[in-house]
Amino acid sequence: MLKKYLKVFKISFQLVFQYRFNVVLQMFFGFLPLIALISLWHSLFTDNNTINGYSIEMMVTYLIVAKVIDTILMPDMHWQVNEDIKTGELSKYLTKPISYFSYWFFNSLGNRIVRILLSIIPISIVIILNMGYFLIPNNFNLLFFIISLIGTMILYYMIYYLVSLFSFYFVEITSFFFTLEIVLELLSGSLIPLDFLPNALRNLINFLPFGYLVHFNINIYLNRLEFSEILYGFTLQFFWSLFLYVLIKILWKKGLNKYESVGA
Amino acid sequence: MHIIKAENLTRNFERVQIEEGLKGSFKSLFKRKKIKTTALNNISFEIEEGTIVGLIGSNGAGKSTLIKSMVGLIKPNFGEILVDGYNPHDKKKSFLKSIGIVLGQKNQLWWDLSPYETFLLHKEIYEISDEIFKEKLNELSEKLDVTKVLKSPVRNLSLGERMKCELIASLLHSPKILFLDEPTIGLDFIAQKNIRDFLKSYQKEKNATLIITSHYFPDIYELCSNLIILKNGKIVFDDKFEKIKFEIKEYKYMNINFSKKTNFEDLSKYGEIKKIDNFSVILKIKEDLIGSTVSDILKNYSILDYNLTEMTSQDLIEDIYALNLIEV
């Protein structure tokens with residue numbers, strides 16, 4: 001049963017390596033804006049020791065880890081899902097005993113592994129350049145941090161897969177994707193820590209899934225959370241994933257009733 | 001035994017109309033004009049196990065919609081369809097394992113990987129054991145003569161090789177029912193014939209049921225034991241092919257370019273003249289007279305060049321209508 005998805009996982013490996021140069025280039029230049037961001041924070045921190053509870057070391061670490069999470073865990077399969085539905089390419093999956101959802105999940109998983117391998121060099125460079133400022137967590141927090149990343153990966157996948165299913169209903173949904181990216185950048189905390197947002201918004205975000213994609217994880221990493229807060233975060237990651245999965249199931253079923261399998 | 005059974009199948013599509021002009025575009029911002037078309041109009045039919053059924057009809061007659069309903073890709077608005085006892089749209093695993101699909105205009109092979117990689121994925125998807133996989137793959141690739149190309153990237157294969165590999169990918173799990181939508185499109189005569197012969201022997205060996213749409217007349221003529229003819233979403237003929245086959249004459253089109261203007265009317269003694277231009281003529285010639293006619297024309301006229309084209313299933317339909325073989 002799992003063997004078929006293991007094969008999908010392996011194939012995604014082979015496929016990415018066909019375009020390895022493309023991916024490497026994308027990653028290297030993806031880290032460039034980070035240099036500007038870090039210098040910006042350096043200049044902001046000249047007078048103060050901490051801003052909103054963050055020291056300059058925490059802030060630099062925050063920015064680097066946020067960038068790493070985005071680079072490695074942000075899905076990119078939604079473009080392909082959109083394409084499959086729009087062009088009728090989806091048909092070749094529907095007529096086989098394989099789950100489309102799981103297919104892309106394992107494909108995506110393979111991609112994440114490749115991304116980890118390919119980003120080791122640029123990440124090391126960034127960390128070396130910020131040597132005096134980059135913090136290392138204790139073992140306990142590191143363990144929770146890694147677990148939280150698994151939650152992030154699943155939650156990310158659910159969000160993007162759900163939005164890509166809108167392709168059943170709208171011909172052109174790239175603007176949805178871009179909107180989602182902008183909203184996520186702000187609300188996940190990958191641009192700035194969520195502590196910097198206005199309080200009212202902050203309280204709302206606590207219940208939304210987005211903050212548990214990046215902000216939550218880095219706060220574990222930086223040892224800023226109590227054990228109970230970590231547990232609360234895991235619970236939210238879990239229930240949001242579950243909730244989105246239910247929505248996916250519903251949308252998928254309705255979408256298939258509407259699907260016209262265009263092309264051939 | 002009926003392996004496929006459809007009752008009162010109806011499927012409508014809504015098409016958005018694009019209105020012309022600025023005013024039209026502005027109007028469509030608020031209200032879009034939709035036109036309802038009926039692709040399948042209350043059709044019922046049955047297909048026996050172990051038959052090869054040709055599904056023919058003009059463009060837009062509903063062939064694709066019907067195939068897509070049978071494999072569960074689209075859901076009919078009304079009516080019921082059972083394939084091997086399953087409702088296709090439920091996409092039950094055991095149903096999906098018993099069908100195979102070849103779409104000539106779509107590929108399931110990975111462009112950047114070798115066909116062999118796709119076969120390995122299919123092995124896992126269909127849960128085929130190692131021995132059976134090896135045996136099947138050997139058998140199919142030898143029969144279709146593609147053993148040498150199995151490990152080259154698909155992008156480097158010729159169209160014929162790719163089509164044959166597509167066929168292998170769809171047959172590794174030995175489906176009981178095989179749906180083929182234009183399986184020979186774009187292939188040369190020899191490759192077309194190879195695939196036809198192969199399909200014939202596959203059907204015989206497995207007592208499989210094949211449902212075929214094809215633009216090429218020989219695909220239909222040589223393979224199919226039964227015909228379903230669709231017109232405007234309705235079935236106008238559903239019976240054994242042999243009932244009308246003897247009335248159908250096989251012929252070819254001869255497309256001739258003359259080097260000087262001649263009295264083309266004389267050519268009508270060889271066959272029906274389908275089209276005349278200044279220097280070219282298209283003649284419809286009976287299959288068994290091709291050889292003598294070509295040599296005759298070459299001898300008596302000064303000709304620049306000529307080519308022969310096969311008749312299409314569209315011609316077949318037109319003949320059937322013209323001969324009043326069925327009531328429409």
Side-chain angles (χ1 to χ4, degrees), chain A residues 1-23 80 83-104 106-107 110-111 114 168-172 249 252-264, chain B residues 11 13-16 39 64-65 67-77 88-114 117-128 153 155 166 169-170 173 175 179 181-182 185 213:
Chain A
M1 180 56 204
L2 254 173
K3 263 173 98 185
K4 57 179 116 174
Y5 298 111
L6 194 68
K7 184 68 198 160
V8 171
F9 175 77
K10 283 189 203 153
I11 282 186
S12 79
F13 246 66
Q14 284 166 288
L15 285 172
V16 184
F17 274 110
Q18 294 269 345
Y19 307 106
R20 56 194 174 277
F21 186 67
N22 194 12
V23 181
Q80 198 61 47
E83 194 70 13
D84 281 352
I85 295 174
K86 223 165 64 175
T87 60
E89 205 65 23
L90 175 65
S91 303
K92 77 175 177 204
Y93 301 92
L94 294 180
T95 50
K96 294 189 175 84
I98 187 170
S99 140
Y100 190 66
F101 175 86
S102 311
Y103 174 87
W104 281 112
F106 283 91
N107 180 296
N111 268 313
V114 175
F168 280 122
Y169 304 89
F170 305 97
V171 181
E172 190 48 63
K249 279 270 173 201
W252 173 252
K253 210 165 171 229
K254 294 211 164 189
L256 282 188
N257 289 344
K258 231 177 107 48
Y259 181 61
E260 291 184 5
S261 175
V262 293
Chain B
R11 171 74 201 211
F13 289 111
E14 273 188 348
R15 298 270 174 262
V16 174
S64 302
T65 309
I67 286 213
K68 284 172 195 165
S69 320
M70 287 192 276
V71 299
L73 282 175
I74 60 175
K75 195 180 177 183
N77 296 116
H89 200 258
D90 290 345
K91 302 185 181 62
K92 285 261 162 45
K93 207 169 145 193
S94 41
F95 165 71
L96 295 172
K97 274 186 170 181
S98 70
I99 62 167
I101 295 157
V102 180
L103 304 172
Q105 325 201 37
K106 287 254 149 108
N107 31 358
Q108 48 183 335
L109 304 170
W110 266 274
W111 195 246
D112 294 310
L113 301 178
S114 67
E117 284 299 332
T118 305
F119 299 157
L120 283 178
L121 177 66
H122 280 212
K123 170 184 180 294
E124 304 304 343
I125 290 180
Y126 290 102
E127 293 159 337
I128 306 167
R155 56 167 183 263
E166 290 278 344
S170 306
H173 62 291
F179 297 90
D181 194 1
E182 302 285 356
I185 197 159
T213 77

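All chains are named by letter (A, B, ...) in the order of the sequence lines, taking the proteins before the strands, and each is independently numbered beginning at 1. Just so it is clear, the values below take in all heavy atoms, side chains as well, and ignore hydrogens, waters and symmetry mates.
We find that B:R15 and A:E260 are joined by a salt bridge, their nearest charged nitrogen and carboxylate oxygen being less than 4.0 Å apart. For the pair B:E127 and B:K93, the salt-bridge criterion is met [side-chain N within less than 4.0 Å of a carboxylate O].
Interface remark: B:H89 contributes side-chain atoms only to the contact with chain A (heavy atom separation under 4.5 Å). With a threshold of 4.5 angstrom between heavy atoms, A:L90 does not approach chain B through any atom at all. Only the side chain of A:K92 comes within contact range of chain B, judged by heavy atoms closer than 4.5 Å. Both the backbone and the side chain of B:L121 have a heavy atom closer than 4.5 Å to some heavy atom of chain A. Only the side chain of B:L113 comes within contact range of chain A, judged by heavy atoms closer than 4.5 Å.
Taking the side chain as every heavy atom from C-beta outward, A:Q80 and A:E89 never approach each other to under 4.5 Å.
Among B:E117, B:K91, B:K97, the residue making the largest number of heavy-atom pairs under 4.5 Å with chain A is B:E117.
Residues meeting the salt bridge (Lys or Arg N to Asp or Glu O under 4.0 Å) test with B:E182, sequence neighbours left out: none.
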Name each donor-acceptor pair under 3.5 Å that joins a side chain in residues 97-104 of chain A to protein atoms two or more places apart or in another chain, with its distance.
residue	atom	partner	partner atom	Å
A:S99	OG	A:F101	N	3.4
A:S99	OG	A:S102	N	3.0
A:S99	OG	A:S102	OG	2.9
A:Y100	OH	A:D84	OD2	2.7
A:Y100	OH	A:W104	NE1	3.1

